[in-house]
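Note sheet for the following structure.
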Amino acid sequence: MMKELLFNLIRKHHYNISIYTEEIFERRCQEEIIRSDEEKSSFVYIEFDFNTISRAIPDQDAFTRFWDVFFMALSKNNRGSDIIGFLEQESGIGMLLLDSMLPGWERIKGRIVQTAREQGLDTAKLVLDDIIKPIVYPACIQK
């Protein structure tokens, strides 16, 4: 159901966004870990769990608007190198912000919040601040 909703939003608004299947996204995550280790670079990994976000935004219309705003903001400010894909069992979507650190996520989050504010969706900031926890690799494994 969520997969259809997201693809319908992308098609409806002609957003230039691709979402990898869970298998390809998992492979890209593994490749990025290897590349990051070899090149001594970093990336940010973010998960957007559908059920968790749905509980935070129980109104179905507002929930759909959250995803519309999400893609609208990403579409306007797409770096081209960022990767989006479905998580295991299509339970959510994940993002890889390549060659990035926490400020990269903060910029994207700010754009989403700004777009949400312009669209009258105040709950987006709460969801992004309270629920979404970015992980910076390799900092997440360093002692």
Side-chain angles (χ1 to χ4, degrees), residues 1-39 41-141:
M1 174 175 135
M2 276 305 298
K3 186 176 187 177
E4 289 176 29
L5 171 71
L6 299 183
F7 285 143
N8 285 339
L9 290 173
I10 291 169
R11 258 193 310 276
K12 177 181 175 184
H13 299 291
H14 306 287
Y15 297 138
N16 188 22
I17 292 175
S18 298
I19 305 175
Y20 286 120
T21 64
E22 62 186 271
E23 295 84 10
I24 294 173
F25 184 66
E26 183 178 335
R27 189 171 338 122
R28 287 294 290 126
C29 289
Q30 293 168 353
E31 290 168 354
E32 192 54 32
I33 289 171
I34 293 167
R35 188 189 73 81
S36 181
D37 289 344
E38 289 174 351
E39 297 181 7
S41 63
S42 62
F43 64 90
V44 180
Y45 174 80
I46 309 140
E47 287 187 353
F48 300 86
D49 180 77
F50 296 141
N51 287 333
T52 304
I53 295 172
S54 177
R55 283 192 299 274
I57 309 174
D59 178 72
Q60 185 61 42
D61 183 53
F63 179 74
T64 301
R65 286 179 48 228
F66 171 84
W67 290 108
D68 197 17
V69 162
F70 178 84
F71 288 126
M72 184 185 305
L74 292 183
S75 181
K76 283 194 267 184
N77 302 287
N78 190 346
R79 291 191 319 158
S81 62
D82 299 332
I83 298 168
I84 302 172
F86 284 103
L87 301 175
E88 196 172 332
Q89 298 177 347
E90 297 178 357
S91 62
I93 57 173
M95 282 182 71
L96 290 175
L97 309 180
L98 306 184
D99 297 315
S100 193
M101 296 285 284
L102 211 46
W105 163 242
E106 292 297 328
R107 280 190 300 276
I108 290 173
K109 181 171 85 168
R111 291 175 187 148
I112 297 169
V113 169
Q114 179 183 352
T115 303
R117 196 174 299 128
E118 291 167 359
Q119 299 295 315
L121 185 66
D122 298 328
T123 55
K125 181 170 178 16
L126 294 172
V127 167
L128 297 177
D129 285 345
D130 296 345
I131 295 173
I132 307 305
K133 306 296 180 210
I135 298 170
V136 178
Y137 184 90
C140 63
I141 60 169

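Side-chain atoms are counted along with the backbone in the values below, which use heavy atoms only and exclude waters and symmetry mates. Predicted model only: the values in this text are computed from it and were never measured.
- Across all non-hydrogen atoms, the minimal contact from Asp130 to Lys133 is O-NZ, 3.1 Å.
- Within 6.0 Å of the CD atom in Glu22, the count of heavy atoms belonging to other residues, nucleotides or ligands exceeds 12.
- Summarising the geometry, atom CZ belonging to Phe48 is positioned 8.0 Å from atom CD1 belonging to Ile84; distances are rounded to the nearest 0.5 Å.
- Separation of atoms CE (Met95) and CD1 (Ile19) is listed at 10.5 Å; rounding is to 0.5 Å.
- Evaluation of the ring pair (Phe, Tyr, Trp, His ring centres under 6.0 Å) rule for Phe71 yields no partner, not counting sequence neighbours.
- Side-chain atoms of Ile93 and Phe70, non-hydrogen and from C-beta on, do get closer than 4.5 Å to each other.
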For Leu5 and Phe50: C-alpha separation, side-chain torsions, deciding distance, then whether side chain to side chain contact (heavy atoms under 4.5 Å, CB included) applies. CA-CA 12 Å; Leu5 171 71; Phe50 296 141; over 6 Å; no
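- Residues Met2 and Trp67 form a side-chain contact, since some pair of their non-hydrogen atoms from C-beta on lies under 4.5 Å apart.
- With hydrogens and angles disregarded, no donor-acceptor distance shorter than 3.5 Å links the side chain of Arg117 to the backbone of Lys125.
- Atoms OG1 and CD, from Thr21 and Glu26 in turn, are 10.0 Å apart once rounded to the nearest 0.5 Å.
- Each salt bridge (charged side-chain N to carboxylate O under 4.0 Å, His left out) pair with one or both residues in residues 44-63, not counting sequence neighbours, would appear here, but there are none.
- Closest approach of Asn16 to Ser75, counting heavy atoms only: N-OG, 3.7 Å.
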Where do Cys29 and Leu96 land on the side chain to side chain contact (heavy atoms under 4.5 Å, CB included) test, with the steps shown first? CA-CA 7 Å; Cys29 289; Leu96 290 175; 3.9 Å; yes
Would you please test Asp82 and Leu74 for side chain to side chain contact (heavy atoms under 4.5 Å, CB included) and show each step? CA-CA 10 Å; Asp82 299 332; Leu74 292 183; over 6 Å; no
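- The environment of Glu39 atom CD is dense: over 12 non-hydrogen atoms of other residues, nucleotides or ligands sit within 6.0 angstrom.
- In this structure, Val44 and Pro134 approach most closely via the heavy-atom pair CG1-CB, 3.8 Å.
- Pairs passing the salt bridge (charged side-chain N to carboxylate O under 4.0 Å, His left out) check and including a residue from residues 99-108, sequence neighbours excluded, read Arg35-Asp99, Glu106-Lys109.
- Closest non-hydrogen pair, Met72 versus Gln119, comes out as SD-NE2, 3.9 Å.
- Under the salt bridge (charged side-chain N to carboxylate O under 4.0 Å, His left out) criterion, Glu88 pairs with no residue, sequence neighbours left out.
- In terms of heavy-atom proximity, Ser100 sits nearest to Ser42 at O-OG, 2.9 Å.
- For the atom pair OG1 (Thr123) and CG (Leu128), the distance works out to 9.0 Å, reported to the nearest 0.5 Å.
- Phe43 pairs by the ring pair (Phe, Tyr, Trp, His ring centres under 6.0 Å) definition with Tyr137, not counting sequence neighbours.
- Here the side chain of Asp68 pairs no donor or acceptor atom with the backbone of Thr64 at under 3.5 angstrom.
- To the nearest 0.5 Å, atoms CG (Leu121) and OG1 (Thr115) are separated by 10.5 Å.
- With sequence neighbours left out, Tyr15 forms a ring pair (Phe, Tyr, Trp, His ring centres under 6.0 Å) with His13.
- Contact between Leu97 and Ile46 at its shortest, heavy atoms only, is CD1-CD1, 3.7 Å.
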Take Phe25 and Leu87, measure what side chain to side chain contact (heavy atoms under 4.5 Å, CB included) needs, and give me the verdict at the end. CA-CA 8 Å; Phe25 184 66; Leu87 301 175; 4.1 Å; yes
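- Atom CG of Asp37 is separated from atom CD of Glu32 by 10.0 Å, given to the nearest 0.5 angstrom.
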